Amino acid sequence: VQLQASGGGLVQAGGSLRLSCAASARTGSSFAMGWFRQAPGKEREFVAAINWSGGSTNYADSVKGRFTISRDNAKNTVSLQMNSLKSEDTAVYYCAAKTGRMNGSSRAYDYWGQGTQVTVSS
């Protein structure tokens with residue numbers, strides 16, 4: 001499975017961005033998808049995850065109420081809608097896929113996209 005993330009950019013604090021991740025193969029039947037981010041000098045951290053059907057989601061406390069993860073299995077895509085962005089959301093965002101249940105640990109994911117930069121100016 002190859003993943004291609006897009007949608008990053010520069011936005012002012014309080015603004016919104018929508019990230020997308022396109023998969024090269026059908027992921028809807030068995031893959032959970034996740035978004036992670038890594039800021040300079042920091043470890044990669046969990047942002048959000050969604051199960052194969054889209055019926056269950058999980059979020060890091062830092063983004064709850066602001067970010068929404070969704071997926072379209074017909075198009076093999078997963079999205080991350082980011083609202084009320086803060087400067088501390090600045091990072092490279094990665095989408096990832098794994099078989100089985102969604103998970104908040106990056107080590108559980110087998111497939112990774114190349115990352116897309118999100119910069120929030122204050």
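What you see is a predicted model; the values in this text were computed from it and never measured.
- Side chains of Y94 and Q38 form a contact here, defined as non-hydrogen atoms less than 4.5 Å apart.
- Under a 3.5 Å cut-off, the side chain of T116 and the backbone N or O of S6 do not form any donor-acceptor pair.
- Side-chain contact check for Q117 and T119: at least one donor-acceptor pair (N or O, by modelled atom type) lies under 3.5 Å.
- Between E45 and R37, some side-chain heavy-atom pair lies under the 4.5 Å cut-off.
- The salt bridge (Lys or Arg N to Asp or Glu O under 4.0 Å) analysis of residues 48-63, with sequence neighbours excluded, yields the pairs D61-K64.
- Residue N83 comes nearest to S16 through the heavy atom pair OD1-OG, 2.9 Å, listed as atom of the first residue, atom of the second, then distance.
- Using modelled atom types, no side-chain atom of T99 and backbone atom of S30 make a donor-acceptor pair closer than 3.5 Å.
- One side chain, N73 or R71, offers a donor N or O that lies under 3.5 Å from an acceptor on the other.
- Residues R66 and L85 share a closest heavy-atom pair of NH1-CA, 3.9 Å.
- Using a 4.5 Å cut-off on side-chain heavy atoms (C-beta onward), L3 and M33 make contact.
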Show, in sequence, the C-alpha distance, side-chain angles and deciding distance for Y109 and F36, and conclude whether the ring pair (Phe, Tyr, Trp, His ring centres under 6.0 Å) test is met.
CA-CA 11 Å; Y109 288 78; F36 293 79; 5.2 Å; yes
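- Hydrophobic clustering keeps V78 apart from M102 (ILVMFWY residues linked when any side-chain heavy atoms are closer than 4.5 Å, directly or through intermediates).
- At least one side-chain heavy atom of S70 sits under 4.5 Å from a side-chain heavy atom of R18.
- A donor atom on one side chain and an acceptor atom on the other are not found under 3.5 Å apart for T77 and D72.
- More than 12 heavy atoms of other residues, nucleotides or ligands shown are found within 6.0 angstrom of CD on Q114.
- Proximity of V118 to M82: side-chain heavy atoms (C-beta onward) are separated by under 4.5 Å at one or more points.
- Figure legend: R44 and W112 shown as a cation-pi pair, the cationic atom lying under 6.0 angstrom from the six-membered ring centre and within 45 degrees of its axis.
- Contact annotation: the side chain of F46 approaches that of N58 to within less than 4.5 Å [non-hydrogen atoms, C-beta and beyond].
- With contacts defined as side-chain heavy-atom distances shorter than 4.5 Å, the pair Y59/V47 does not qualify.
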